[in-house]
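Residue numbers start from 1 in every chain, and the chains themselves are labelled A, B, ... in the order their sequence lines are given, proteins ahead of strands.
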Amino acid sequence: MENLVEIRDLKVEATTDSGRCVDIIKGVSLDIAAGEIVALIGESGSGKTTIALTLMGYTRSRCRISGGSVRIAGKDMVTFSERERAGIRGTKVAYVPQSAAAAFNPTKRIIDQVIEVTRIHELMPVEQAKEKAIELFRALSLPDPDTIGKRYPHQVSGGQLQRLSAAMALIGAPKLVIFDEPTTALDVTTQIEVLRAFKSVMKAGGISGVYVSHDLAVVAQIADRIVVLRNGEVQEVGTTTDILSRARHPYTRQLLAAFEPRPRGDEIVVTGREVLLEVNGLVAGYGPLQADQLPLIRAVKDVSLTVRKGRNLGIIGESGCGKSTLARTIAGILPPSTGNMIFENRKLAGTVRQRSRDQLREMQIVFQYADTALNPEKSIEEILGRPLTFYHGMKGKKRDTRIEQLLDMVHLPRSLRHRRPQELSGGQKQRVNFARALAAEPKLIICDEITSALDTVVAAAIIDLLKELQRDLSLSYIFISHDLSVVEAICDEIVVMYGGRKVEEITPADLKAPQHPYSKLLFSSVPKLDPQWLDSLKLDPELIRTYGHG
Amino acid sequence: MSRYVLDLIAVRLLIAALTLLIVSFAVFFATAMLPGDTATILLGQAATPEAIAGLRSAMHLDDPAYLRFLRWLGGLASGDLGTSYVNNVPVAQLIGGRFVNTMRLAGITAMFAVPLALTLGITAAMFRGSLYDRSVTILTIGVISIPEFMVATAAVLVFSVYLKWLPALSFANDVTSVWQLLKVYAMPVISLTFVVAAQMIRMTRAAVIDTLSTPYVETALLKGASRPRIILRHALPNAVGPIVNAIALSLSYLVGGVIIVETIFNYPGIAKLMVDGVATRDLPLIQSCAMIFCVGYLSLITLADIVAILANPRLR
Amino acid sequence: MNPSIPLLQKFGYRFSWVGMIGLTVIVFWGIVALIAPHIIPHPVGEIVDEDYFGAMSSRFWLGSDYLGRDMLSRVLMGARYTVGISLAAVSIACFSGVVLGMTAAVIGGWFDAALSRFLDAMNSIPGKLSGLVVVAAVGSSITVLIVTLAVIYTPGAYRFARALAVNINTMDYITVARTRGEGIFYIIGSEILPNIIGPVLADFGLRFVFIVLLLSGLSFLGLGVQPPFADWGALVHENVGGLPFGAPAVIVPSLAIASLTISVNLLIDNLPKKIRDRSA
Amino acid sequence: RATSALAATPKSGGHLKAAGWSASTADTLDPAKASLSTDYVRCCALYNRLTFLDKSGVTRMELAERVESSDAKVWTVKLRSGVTFHDGKTLSSQDVVFSLMRHLNPDVGSKVNSIAKQITSVRAIDPLTAEITLANPNADLPTILAMHHFMIVQDGTTDFSKGIGTGAFKLESFEPGVKSVAVKNPNYFKSGGAHIDSFEYFAISDDNARVNALLSGDIQLAASIKPRSMKLVESQPGFALSQTTSGNYTNLNMRLDMEPGSKADFVAGMKNLINREQIQKSVMRGLAELANDQPVSPASIYYNAELKPKAFDPEKAKFHFQKAGLVGQSIPVIASDAATSSVDMATLVQQAGAEIGMKFDVQRVPSDGYWSNYWLKAPVHFGNINPRPTPDILFSLLYSSDAPWNESKFKSTKFDGMLVEARGLLDQAKRKAIYDEMQVMISEQAGTVIPVFLSNVDALSAKLKGLEANPLGGQMGYAFAEYVWLDG
Ligand SMILES: Nc1ncnc2c1ncn2[C@@H]1O[C@H](COP(=O)(O)OP(=O)(O)OP(=O)(O)O)[C@@H](O)[C@H]1O
Ligand SMILES: Nc1ncnc2c1ncn2[C@@H]1O[C@H](COP(=O)(O)OP(=O)(O)OP(=O)(O)O)[C@@H](O)[C@H]1O
Ligand SMILES: [Mg+2]
Ligand SMILES: [Mg+2]
Ligand code: NI
């Protein structure tokens, strides 16, 4: 018995609304040796989280383990009673959830939540637990380790919270820690810090780990072995280097291929260079107006930019730098405090209400989170049909045909039209979201981080789609992202924002040599498929001090 | 307490003043719509035109109603609730003792009903979908749908008339010991609990169930926390907002909505006082009672909001 | 798992038997309300029994009331008033409360503030008292009763719906609809309403109970349906003197009220659900 | 059953708790304003009248030693000597002058203002003698003075909340709408004074609650219970009922000056349509005596026993309605809980009407404001009249052409003349002859249906002794506190 974890022929089934049982994990077997970190990768819905959770003897509601065994240090979690499982959770196996922000109870202080495991299992006195927690905070290179625990979850940044949730998992000295996409929601500069912290703590404690992710480059930095999953089945298992360099399975190759940066080629035939949108000296923000007629929180400070017909503008910058605010201001959702906008040679009013219906139609915005941007109570058909009726007065058969065309355009099966958003995968939702914008037949689409939550294969597919549609419909995009490779792939010009200001405007040609120091830091933080990348990465400490946010 | 909460209280006070003003105008118009005035009502069958005219002038009811109302409003600004038309006693004196009674009944009922409702609501949520949960749901609805006067009358019949355990009347002022207090208040409190508990139970259950599906509850489960710990430490603190709101709404009923219980147990509270005021068109009395109900309601709602804010560090 | 009705399953709906029972009882009382005048054995006002508070007998299935009138006839006719008035009032109250609540949440600003303050003010006056005043001022008729009850319960429905709608209003899909240039009616009707309908219906159920209760409370205070007719609450009240004798005249209408209110809530808690398969 | 206790000797001491049926903040200790039975009971305990009516309806002297007149127009009142008020002041004729004259002042809001109007002056002759001058002769003055409103208060009183009178009890506390507590007056002028030490009185407006409070032992007397509660009280050991049939009645009024009452046949039809027996049996459960559409009760010595109640005869009623051309028309009938049992009576009329094709639209209106808004005003409505001690008061309040409460707007100069004639007659036999005829006139011509006289039933604990029926109303004409005692 040398392996810490032995999963044999694991089957998990879920009961659907109609009472039907479907297998979501179809006989997976997997071993993890002591001190080894294994990554689970695969597209959304492939069963990564489900497998990870079975390691704790837990399945989500309406799901159950229907066969196989999950042995941890020789004990089978499947046959355990609920009480026995509870005894193992937190002490032997611990879990770092996908979204730390949601996993922390907002009403309790961080330190109390971090040491809760020790209280539940009565591992040590409270004082000692607190000291241990502070040590962990230090090991995870959190700022102010002595006092950060006294804060509430909303008082620390997303990256910090993600590390704090690791501390929460590590405090019970578990043998196995499960990380469920811990960095997906973070921007690249933060991601590096978090990855480094995880890696050093795991190594130091000799802890085994399961690392769930859709991002190969991230996985490459931390995992010893990679398991590629699809549809609840294992496609390929191998050491990290093997998988990266000698992938055998076609799906693995596809994943790898999607990761290859594909800079925007010159294949696009640009007919004109007329200005579509011009933004001058935009200032916008939140909160009550101050004496100088400007809002209290100024999220966008004096930004000017130009979008030309048939060309795309990328906006990048770290989380909170004002990208979304800028997008919302342009879309008329948030009225600007000063500055003006000209669209199609006409002045663009500050609010939606003052804009003409045509202006609204010609400029569409696609939001980052497809989950919240699609009304969960409406079918896909209704969602796509509404702009058709609203802008183009389409009804009946004509509308149906057009809906089908739109679904075809975004490569979604027509049968999806009767479903509701929660019955779609993340990538599908994002496509619906995008199809809705297309339905308006716009000239400009503002895309706010539309690929951030998607795995590389799906993200790449969406980028391809955008390009293809641009060719066919002569659209322009404003493309907002924290992910440089994506922006690179599609944009003609890139604006780098920092702290609400535009710090640099670059063309793809200058991409390799950005001028502004912040742009340099940002560009160098994008992970590479090389497993050695993280360890060998040397960032200018001066830059980190100025622009990092530990 | 943070600045935010203080600001909130200040704003609420301002809004409360405004709301009170709206209420007093609404009450004034409603009263003005009622047929008859104090003089005709007091004289009742003896209301001949001369008698009415005489009494009116004697009671200074000759001035137009709106003038009297504005005068009352002016008095209120200086803390004077006015004088009852009917018996020339200052309204403050009429209300005084009865207000204390009402608050005492409301307080005792709250002490009893709130923990009961919370326990039932929370346990029902804990065993959601079980037989226990269903029984609690059906019972609460069943219990509130029986008219109050029926519950109260049945309780009196059983406990006072047949068993002779408890007094049929609840004169608040006879109380000298705790035991007596329990005896005197037992039945009104039970009857009122029947009425107010249901809404609290349902809201508590719904709020707890809502939080039970959050990721942090799942996290707690994956830390190995027991069910009670999950509910009490993780779900409940986050469900406080809607729960205190439901409690506030239910308790506001106890301030002004208990006419029937007051009638059946002959309990001298302000709800009955206001009914009397309406019956005799005693404007200062009606207005003052309405103000009390309004202040009670607003303070409960505001208190609920403040508790909800204090319970949520994000808003603190 | 919940046992469900196979027939409905064919149409893609799941309907638990508990909900089915609720629906059956409601439909039963609904039918009674409609056909009551044709099936009552005696006119509601006629004194047919020498005795009062008579027990159940083959002649008077549900006994007789305090005057010696046939209780069966009175309960059957009472269904008309309780079901009719309460349902009408609760529908009006919830409709206007929910529409106003959603509108306030969407428009926001001073409209929201003014409406909220105004309705708060209305809510702070106890329902029985406002009922008393209104009915005393304009007299008691079915229309007045319905409107009064509806007005009394509108602020509560408003508060509830507004709180829900404010949450929904922050969702991106509402922003999407706005940037499309949609009008307020589309936003509240098509975007917000479907998302809050569940809790709103649950609130409807509870409010229904309260209205049935308030109606009986008003009859306690001497207001309500005109004689010789009476709603169930009034029947309970006028016969409550029969309680010491366990007279059916007081028990039966109480049970009728409970059966109706419980059924409405059971139905609402167990509405037929459309079956949706994530992976189908 | 109550009468069986009569022979026993009264016991002293104890605390009596009793409950009436209505109270509000309008509760008052000013006898002139007294309107609810609770007010009467309290006033009777605290004050005295010059005269009072005993259980057989005979006028007796109380504060007065003699009330005399030779022409029935100028009356001399001789007061008892040595009567003191609760605050120690001695009763003098000045108090009588004040107490009677205040009813004429409209500011006082006296309920008997219209009766008091016949008094033109009251003078103090000497400290113990007062002289009352009437506008017209009225032989009934001693009986009129027995009305509760004519209680004697102290000269110059404006604040009545202290309840200072000459009565058997001194006020200890009084909260309008809540309750009053009074203790025995040790200096009471009647020998022996009250039997009980203290007396607590309040109202429980809900009928069942009142009975339940009695049965649970919380109170010793529940005034005026509903006929239906009798069964419950009777079924419990240790309780008794006291029944009084006084002149109280609920009547149906049809205004003769308005449609449809202006059609004589409508009025005649209604008199035939009302089922008096059923009202007596079903609505009142036997607690009523059949009446014949006139207000003088069988308890009165002036009652015309020859005048028989009209029979229930739907066919005849139908004939009249057809003649009046009213069949098929919907006729609104206003009833209210304010007029005892009127809603039930209206329902009976409605049902009887339905059988002969008459449609009566019964409108139950709130008790609140009924007397000022509907009574005397609506074309067809119910009223409720409390007992009055003399036919003269009844007729002049309710049936003379200028009567303030002429419910049906009955006008007859002959009737008015007879009223004045009888009033001045000191010969009782002659008066009875005139009153007999007047009763017939009302019964035949006025637009009033008086179906039954209502009995009043008080329920009491068997421990409470000494309660007798009194023609002025239940609770021993509201004066029971002074006479009853607690046994055991
Ligand atoms: N309650 C359920 N009923 C039916 N199917 C379910 C249920 N829960 C999960 N599934 C299905 O199980 C599969 C695996 O889900 P899982 O959450 O493990 O995916 P994942 O790989 O973690 O995806 P992601 O990257 O989106 O987190 C999905 O196809 C999902 O549709
Ligand atoms: N409604 C709001 N009220 C107050 N401040 C806000 C609001 N929304 C955003 N902000 C603040 O404005 C700043 C810019 O936010 P914005 O959402 O534009 O950032 P972003 O660049 O889109 O970040 P991300 O990559 O996380 O989406 C942040 O500091 C944020 O805290
Ligand atoms: Mg997952
Ligand atoms: Mg953003
Ligand atoms: Ni990413």
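Of the possible donor and acceptor atoms, one in the side chain of A:N375 sits under 3.5 Å from a partner among the backbone N and O of C:E191.
Around the CZ atom of C:F95, the shell of radius 6.0 Å holds no more than 12 heavy atoms that belong to other residues, nucleotides or ligands. Surrounding OH of C:Y186 are more than 12 heavy atoms belonging to other residues, nucleotides or ligands, all under 6.0 Å away.
Here the closest non-hydrogen pair linking A:T372 and C:M171 is CG2-CE, 3.8 Å. Scanning both residues, C:T179 and A:I333, for their nearest heavy atoms gives CG2-CG1, 3.2 Å. Between C:N195 and A:P376 the shortest heavy-atom distance is OD1-CG, 3.3 Å.
Stacking of A:R436 on the aromatic ring of C:Y173 is not recorded, the 6.0 Å distance cut-off and the 45° axial limit not both being met.
Within the 4.5 Å cutoff, the side chain of A:E382 has no heavy atoms near those of the C:S190 side chain.
Heavy atoms closer than 4.5 Å to chain A are found nowhere in C:T170, neither backbone nor side chain. Using a 4.5 Å cut-off between heavy atoms, C:R180 touches chain A through backbone and side chain atoms alike.
Contact annotation for residues 148-169 of chain C against chain A (heavy-atom separation below 4.5 Å): no residues qualify.
Between A:R357 atom CZ and C:E182 atom CD the span is 7.5 Å, to the nearest 0.5 Å.
Contact tally against chain A (heavy-atom pairs below 4.5 Å) for C:V176, C:I197, C:T175: the top residue is C:V176.
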